[in-house]
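Below: the structure, in structure tokens.
Every chain is numbered from 1, with letters handed out A, B, ... down the list of sequences.
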Amino acid sequence: MKNKRTELQVSAISNGTVIDHISSENTFRVFQILNLDQAKNQVYVGTNLDSKKLGKKGIIKISGRFFKPDEINKIALAAPQATLIEIRDYVISKKEKIVLPKTVEKVVKCYNPKCVTNHQQIPTRFNIVKDHHGVTKLACHYCEKTMVQEDIIFV
Amino acid sequence: MSQLKNRSLVSITDYSKDDILKVLEIAADFEKDPRQPILQGHVIASLFFEPSTRTRLSFESAVQYLGGSIVGFASADSSSVQKGESLKDTILTVSNYSDLIVMRNPLDGSARYASEVSPVPIINAGDGANQHPTQCLLDLYSIQKTQGTLENIHIAMVGDLKYGRTVHSLVQAMSLFNATFHLVSPESLKLPSAVKRWISEAGLEYHQYTDLSEVIPNVDIIYMTRIQRERFPDPLEYEAVKNAYVLENKMLENSKDNMRVLHPLPRVNEISTDVDDNPKAYYFQQAQNGVYVRQALIAAILGLKQ
């Protein structure tokens, strides 16, 4: 067969955001926490794509949308190694590796059912810490319990 | 200005080693003379959203020995919480009527939150399963008093080391004083690894045991704890370990002369009543020390003692 295509072609977006280098298993988590199922514009999702850096990676392209710091913090928690690329008029206007903040506020729900934040109207606050194995954990500012990323429920 | 003035106490880790030693020094002064009328004209709010015997009564007696007045409630049933009032509104309201608020609340983290919204200092008298720093301070006072020092103590902690909040706080505090920890518990109730890391990060040693009799001859303090039914998610897990350790008088025969038995109380059956008459039993004096330590805290936070 002639001209066999080896790559899936996805059209470039004119304005919007590309979230690249998502670990494959977290691709749909990122999609979900950003409520992209509600999006009205074009959204492309790719997962298990070959990546020199990660082996396999996920990528999400969202047309006509730019994310606020709170949303970027959510992406950072779900996909800490991701790259955020903003495109304006087909040109990359910003490209940065997402960095985990030291604290996150109003983004995550505490997993401890007895935490005061689950009973009173209090904005949640977590310190992002690494344990002695280097695993990222979230320590609740109020109840002092720590949770791993798998326990995260976004507000 | 005093180092503790106007500072809330939510967690024992809010206090440095110097802060702790300052409170214990003031407590020793109150032990010599507990009836000093320094709180005359002051109002202390005592907000107990859940029942307590020792903590509430010792706070209230601490205030009354010092000539202060108390307002508050002993259960959420007798407060506006019943009407659905938020914690923030309760704290802001009560802060209008008092110089300092002592609070116990069943929700983890409630004391930290209260300290952030309150214009007057908060003393945490227990926030759920999280922190109980005044218990920790009275434990430290009792250790210092019976041993003459807090430094280089060999302490055995016995029973529920997994869920027991007093154990976790005491480990954190004693890690400031070069302690060696002897941790005695059933396999299922071992000290959580995050708490053990406090010990390692302080460069100190801990040893884990399941047999209590093994450690008794080697330690300065035996800190017994109740295995608390209410902390267990699974009742079968509780049944399997509820009588794991019972300290009996004859077991103390080979203990060191300076050894003392502590317990945060209430006990159920983990210390046999035949230990009560042994001069090495110190748990009732320990509860009494709670009054002096709470007097010291209130006086220091209000800037009345330095």
**Study point:** Beyond-backbone contact of Lys88(B) with Gln120(A), side-chain heavy atoms, under 4.5 angstrom
**Key:** no
Exercise for review: Measure across Val116(A) and Tyr113(B) and return the closest heavy-atom pair with its distance rounded to 0.1 Å.
Suggested key: CG1-CB, 4.4 Å
Point to revise | Nearest-0.5 Å distance, OG of residue Ser110(B) to NZ of residue Lys114(A) | key: 9.0 Å
**Study point:** Within 6.0 angstrom of Lys95(A) NZ, more than 12 heavy atoms from elsewhere
**Key:** no
**Study point:** Arg125(A) with Glu116(B): basic N within carboxylate O range, under 4.0 Å
**Key:** yes
Review point. Quick one: does Glu144(A)'s side chain get under 4.5 Å of Ser11(B)'s, heavy atoms only?
Key: yes
Point to revise | Contact summary for Cys143(A) and Asp108(B), nearest pair of heavy atoms | key: CB-CB, 3.5 Å
Practice item. Grab the two heavy atoms, one from Asp131(A) and one from Arg197(B), that are nearest each other, plus how far apart they are. Key: CB-NH2, 4.3 Å
Exercise for review: Answer yes or no: does atom NZ of Lys106(A) have more than 12 heavy-atom neighbours from other residues, nucleotides or ligands under 6.0 Å?
Suggested key: no
Practice item. Supply the atom-to-atom distance Ile122(A) CD1 to Leu87(B) CG, rounded to the nearest 0.5 angstrom. Key: 6.5 Å
Review point. Quick check: are there more than 12 heavy atoms from other residues, nucleotides or ligands sitting under 6.0 Å from NZ of Lys53(A)?
Key: yes
